[in-house]
Structures are given as C-alpha cells and as structure tokens.
Amino acid sequence: MSYGLTVLGSINLDLIVQVAALPKAGETVTGGAYTALPGGKGANVAVAAKRLGAETEIMAAVGDDDYAAQALVNLDKEGVYLDAVRRVDAHTGLAFITVSEDGENQIAVASGANAAYAPADVPKLCSDVLITQFEIPTHVIESALEGYEGFVAVNASPVRDGVDRILNRADLIIVNEGEAAQYDLKSHPGLVAVTLGSKGAELRKDGKLIATAKPPKIDVVDTTGAGDAFAAALTVALAEKQSEQDALEFACAVGALTTTRLGTQTASPTRAEADAILGR
Ligand code: RIB
C-alpha cells in the first residue's frame, strides 16, 4: 500500500534535565544530567512515522538561529522531506523538560517560530494522510484543511479551546485520558483513540468501543514523546489498512518502546523493533 503522509506541526529543541524526582512548585532540584535533543510534537510524529516506513514530509517553522540545525538534525537524518520547513523571524521552539527517575516529566515550551508560523507559510496539502497537533496556531491548521480531502488525524495535544472546526473535520482524534476529559468527544462521528498510559489504549468509532489493547511489558526510562509515537503508529497502521484492533496493538507497542529510551525521536522504534515485539 503506497501513500504519502504530511505532518503539519511543531519543531522544538528539547532541553532535558534528568532528576531523581520532579520539583514541586517553588522547589529547586540540583545535580541533574543535561541533554539537548530534537523534539516538538510535529517533528516527533514525523520521525516516528518515517521509522515505521511511511513516506513523510513535515510542514513547520524553525527560527533564524543556531538552534534550528540541532532541531532539524534527526528529521534530516531519517529522510523526512523538509522542503516545506520555513525559517521565520523568531527563535526556534524550545522545550524545557524535566524527567524523573520513574520516567515522568514536566514540560514548558517557548513556542517561538511555531507560534509565528502563518497560513501563507503552508503549501497546499497534496498527500493522502495528514497528522497535526496543537503546538502551532489554530488558524494555520484551519487554513491548511480548507479543501483538503485526505484522511485527517489530530493529536489534540496540548489541550486548546476553539478547535471544534478541526476536531469535527478529523477522521481520527488521539488524546490521553486527561485530554479526553477536557474535550467533548463522546459523539464524535469518526475514530477516537484514548491512551491510558501503562494500561494501554481504547479506540471508539461513532462513540462505540471497537478495540482495546495493552502495551508489552517494558522498563520505562522516559515517557516523553510516547503519545506522539502512538499517534504516528496508529495513523500509519490505519493508512496501511490494518484492522482497527491490529492498528491499536501496533500503536501501543510503538508508544511503549518509545518509553524505554531517553528523549523522543531518538527513542522512536524502527518498524523491525515494533514488529518484533508484537511477534509479527
Ligand atoms: O510530546 C513531547 C514533546 O512535547 C517534546 O518533544 C517537546 O518538544 C514538547 O513539544
């Protein structure tokens, strides 16, 4: 099955500190190890999809600064098409991420170029499948979707108000439990996937539960980016015409494998790793 996949979304450089326990409000924790890795929900999805075998392009913006090259390095190395990445007059998106020993995280994003991204920067969509998320302006996504007739997957993260038009157009919505509680998705006419952390995920169609899946047993190092990898894998699997049950199991496995290594893109599994853990 041949199809093209476009990711419309964010690119960040992730500045990661690993600490024993996440700081509480007003607390300072010291002695953590520091790593800078490429991230951003859009770029993470693009790398994950490419590693799973999809021909992938990303439409996004980076800044006019030295961070841009670092943020783009994995996308370039993995062979994601970058012709539609714009350079805008802002700093490249920066995510400040704290990861605890049990793999939980806190993330604060300085959006920079992602927030400066404008409808005029986005070329006409020509691929069969689009994945987007909410780290770029809502009006950019709405404008890109005008007249687009392909399959639309929306990872509705981070939670944002005023996105009903985008959600209504989505063929597939992907959210975690917390996000699901903040949208009204019960009567969504398409597919809605809800991730449940270590408990796995559920898939509903027209409001009815049609599939559940549990992740394989793994040792968690860092949960950052697991949702992005899950979204990429579910979309890729559905585009390949896998059954909804198989697609959900595949996405759970890919999300789980992503938590076994530090970072997001660097932790994203290959197709061979995903197939192997599922015994396919
Ligand atoms: O979903 C994980 C991502 O969220 C990180 O890579 C960070 O850049 C933030 O955008």
Side-chain angles (χ1 to χ4, degrees), residues 7-18 22 34-51 58-63 65 67-75 78 80 85 90-100 103-117 131-138 140-141 153-160 173-180 193-195 197 201 220-235 251 254-269:
V7 179
L8 174 64
S10 57
I11 296 176
N12 292 331
L13 184 65
D14 290 353
L15 308 175
I16 306 165
V17 188
Q18 290 171 274
L22 298 179
Y34 166 76
T35 318
L37 290 172
K41 292 184 191 303
N44 297 345
V45 165
V47 167
K50 186 68 174 60
R51 284 194 173 178
I58 185 164
M59 297 180 176
V62 292
D65 56 18
Y67 295 126
Q70 284 177 272
L72 289 168
V73 73
N74 274 337
L75 289 161
E78 295 294 333
V80 174
V85 174
H91 67 77
T92 295
L94 294 172
F96 299 84
I97 303 180
T98 312
V99 180
S100 65
E104 291 306 317
N105 64 50
Q106 288 173 337
I107 306 179
V109 177
S111 298
N114 299 306
Y117 197 35
I131 313 184
T132 191
Q133 325 76 30
F134 294 152
E135 282 193 327
I136 56 172
T138 304
V140 172
I141 303 172
V154 178
N155 183 7
S157 177
V159 171
R160 182 178 282 180
I173 297 171
I174 302 128
V175 283
N176 64 28
E177 270 178 299
E179 291 157 354
V194 180
T195 60
V220 175
V221 172
D222 176 11
T223 56
T224 316
D228 305 332
F230 176 96
L234 184 59
T235 306
V254 168
L257 284 168
T258 306
T259 70
T260 61
R261 298 186 274 254
L262 182 69
T264 55
Q265 296 163 33
T266 43
S268 212

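The residues of the chain are indexed from 1 along the displayed sequence. Every number for a ligand or one of its atoms is a count from 1 in the order of the listing.
Every residue two or more places apart in sequence or in another chain that forms a salt bridge (charged side-chain N to carboxylate O under 4.0 Å, His left out) with Arg261 is listed here: Glu273. By the salt bridge (charged side-chain N to carboxylate O under 4.0 Å, His left out) test, Glu78 pairs with Arg51, sequence neighbours left out. For Ala95, the side chain to side chain contact (heavy atoms under 4.5 Å, CB included) partners at least two apart in sequence or on another chain are Asn12, Asp14, Ile97, Ile107, Val109.
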Which protein N or O atoms sit under 3.5 Å from any N or O of ligand 1? Give atom names and distances.
residue, atom, partner, partner atom, Å
ligand 1, 1 (O), Lys41, NZ, 2.8
ligand 1, 1 (O), Asp228, OD1, 3.4
ligand 1, 1 (O), Asp228, OD2, 2.7
ligand 1, 4 (O), Lys41, NZ, 3.4
ligand 1, 6 (O), Asp14, OD1, 3.4
ligand 1, 6 (O), Asp14, OD2, 2.6
ligand 1, 6 (O), Gly40, N, 3.0
ligand 1, 6 (O), Asn44, ND2, 3.0
ligand 1, 8 (O), Asn12, ND2, 3.0
ligand 1, 8 (O), Asp14, OD1, 2.6
ligand 1, 8 (O), Gly40, N, 2.9
ligand 1, 10 (O), Asn12, ND2, 3.0
ligand 1, 10 (O), Glu135, OE1, 3.0
ligand 1, 10 (O), Glu135, OE2, 2.6

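Side chain of Glu135 to main chain of Lys41: a donor-acceptor pair is present (N/O by atom type, distance under 3.5 Å, no hydrogens or angles). Remark: side-chain polar atoms of Thr259 are not paired, donor with acceptor, to backbone N or O of Thr223 under 3.5 angstrom.
A donor atom on one side chain and an acceptor atom on the other are found under 3.5 Å apart for Thr224 and Asp222.
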